[in-house]
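Heavy-atom basis, side chains included; hydrogens, waters and symmetry copies ignored. Below, chains carry the letters A, B, ... as their sequence lines are ordered, and counting in each starts from 1. In this text, all values refer to a predicted model and were calculated from it rather than measured experimentally.
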Protein chains: 2
Amino acid sequence: MGNTNKVVRETACAKPSSHCREVADTLARIGDKWTVMVVAALSAGEAVRYNEISRRVDGISQRMLTLTLKGLERDGFVSRTMYPTIPPRVDYELTDLGKELVVPLRALYAWAEAYRPAILAAREEFAKREEIEAPRRAAFTAPK
Amino acid sequence: MGNTNKVVRETACAKPSSHCREVADTLARIGDKWTVMVVAALSAGEAVRYNEISRRVDGISQRMLTLTLKGLERDGFVSRTMYPTIPPRVDYELTDLGKELVVPLRALYAWAEAYRPAILAAREEFAKREEIEAPRRAAFTAPK
DNA sequence: CTGTATCCACTAAGATACTG
DNA sequence: CAGTATCTTAGTGGATACAG
C-alpha cells in the first residue's frame with residue numbers, strides 16, 4: 001500500500017499541447033481483445049441478451065464477457081436493462097455514446113481491411129530478411 | 001509444449017461475411033500502450049534517432065522501445081536506417097504505410113478528445129451507483 | 001438464464017546489467 | 001549510441017464450479 005514508486009506519468013507526451021497519453025489510454029480501453037467484438041455484436045442497434053452476445057462473440061468466456069460488458073457499461077457505452085423475471089433476463093444495448101464509438105471503429109475497420117494485405121506482405125518480407133540475418137547471431141549461441 | 005488446449009479461433013465473429021476478428025487483431029496491434037505514442041513521436045515526418053524517440057516517449061523502457069519499433073518495422077510501418085559510424089546511428093522513419101496509419105489514428109485521436117469528458121462523466125456516475133449497491137453484497141462478507 | 005468466485009497458465013512489461 | 005539478455009513482478013485471460 002505504501003507508494004514507494006511515485007510514477008510521474010505526466011509529460012509522457014510527444015507534442016506540446018496534446019493529450020496523446022489520453023488517446024493512448026482511450027485506445028487501450030477500446031482496443032483490447034474483446035471490446036471491439038462485443039461492440040460489433042451490439043452494433044446492429046437492437047437490445048441483445050447476455051447469452052445471445054455470448055453466442056455472437058464465439059470463443060469468449062463468461063468471465064471475459066461479464067468483465068467487458070461491465071467495462072463498457074462503466075464507460076457509458078452500453079446500457080444494461082434487467083428484467084426480474086424467472087428465468088432472469090438482461091438486455092444490453094448501445095447508448096448514444098456507444099453508437100458514436102461505432103463511427104471511428106468502422107473507419108478503423110475499413111482501414112484494417114484495406115491495408116491488411118500490405119501489412120501481411122511486409123510481415124512476410126521481414127520474416128525472410130530475418131532468416132538471412134539470424135545465422136549471424138546463431139554463432140554466438142555458446143553455452144554460457 | 002504439448003498443445004493440450006486446441007484453441008479454435010475460427011468463426012469468432014459476429015457478422016456473416018466480415019473479418020471482425022481481423023479488425024480486433026489489427027486494433028490490438030496498433031492499440032497497445034506504446035505503439036500509438038511511438039507512431040505519434042514519428043508522425044512529424046522526419047527521421048528520428050533511437051534516443052530521440054526514447055526522449056519523446058518519456059517513460060518507455062529500452063526494452064519496450066526496441067520491441068515496439070521492431071513490431072512496427074515488421075509490419076511495415078516504420079523503416080530502419082543504420083549508419084555504421086562511430087558512434088552508431090540509427091534512424092527511424094514512417095513509411096508510406098505508416099503514414100496511412102496516422103490517418104485513422106488521428107480520427108481516433110479526435111474522437112477520444114471529443115468524447116473523453118462524456119466517458120469520464122459516465123465513469124463517475126457509475127462509481128456512484130456502485131457505492132449504493134455495494135453494501136448489499138457487503139453483508140455476505142462472512143469469513144469462509 | 002445470468003452471472004460470481006477461485007484457481008492456474010501465460011504473457012507483458014519494468015529494472016538492471018552488459019555488449020558492439 | 002543503440003541495442004540485447006536475463007530476471008522478476010503484475011496483469012490478462014481461460015476453465016471450472018457454483019449461486020441467485
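As rounded to whole Å, 8 Å separates atom C1' of dT2(C) from atom CZ of R80(A). The interatomic distance linking Y50(A) (OH) with dT4(C) (P) rounds to 8 Å, in whole Å. Remark: P of dG14(D) and CG of D58(A) are 12 Å apart, rounded to the nearest angstrom. In this structure, L67(B) places its CG atom 11 Å from C1' of dG3(D), rounding to the nearest Å. The interatomic distance linking M37(A) (CE) with dG13(D) (C1') rounds to 15 Å, in whole Å. The distance from atom CG of D32(B) to atom C1' of dA12(C) is 10 Å, rounded to the nearest whole Å. We find that CG of N51(A) is positioned 10 Å from C1' of dG3(C), with the value rounded to whole Å. Look at CG on L69(B): it is 16 Å from P on dC1(D), rounded to the nearest Å.
In this pair, W111(A) and F77(B) present their aromatic rings parallel. The plane angle is below 30°, not in the 30 to 60° band.
Among the nucleotides dC1(C), dG3(C), dG13(D), the one closest to any side-chain atom of M64(A) is dG13(D). Of the listed nucleotides (dG14(D), dG3(D), dG14(C)), dG14(C) has the atom at the smallest distance from the side chain of W34(B). Which of dG3(D), dT2(C), dG14(D) sits closest to the side chain of Q62(A) comes down to dT2(C).
Close to dT4(C), at under 4.0 Å from its OP1 or OP2, lies a side-chain N or O of K70(A). Contact between the side-chain N/O atoms of K33(B) and the OP1/OP2 oxygens of dG14(C) is found at a separation under 4.0 Å. Contact between the side-chain N/O atoms of R89(B) and the OP1/OP2 oxygens of dG3(D) is not found at any separation under 4.0 Å.
Within the nucleic acid shown, R49(A) comes within 4.0 Å of sugar-phosphate atoms alone, with no base atom in reach, counting heavy atoms only. Among the heavy atoms of the strands lying under 4.0 Å from Y92(A) are primed sugar atoms or P, OP1, OP2 only; no base atom is included.
Annotation: side chain to side chain donor-acceptor pair (under 3.5 Å) contacts of R89(A) (sequence neighbours excluded): D91(A).
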Begin with the C-alpha distance, continue with both residues' side-chain angles, and end with the deciding distance and a verdict on side-chain contact (heavy atoms from CB on, under 4.5 Å) for D96(B) and K99(B). CA-CA 5 Å; D96(B) 288 343; K99(B) 285 168 191 161; 4.2 Å; yes
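Each of R63(A) and P88(A) was assigned the nucleotide of DNA chain C with the nearest heavy atom; the assignment lying further toward the 5' end belongs to P88(A).
More than 12 heavy atoms of other shown residues, nucleotides or ligands fall within 6.0 angstrom of atom CD in E46(B).
Screening residues 34-43 of chain A for salt bridge (Lys or Arg N to Asp or Glu O under 4.0 Å) gives no qualifying pairs among residues at least two apart or on separate chains.
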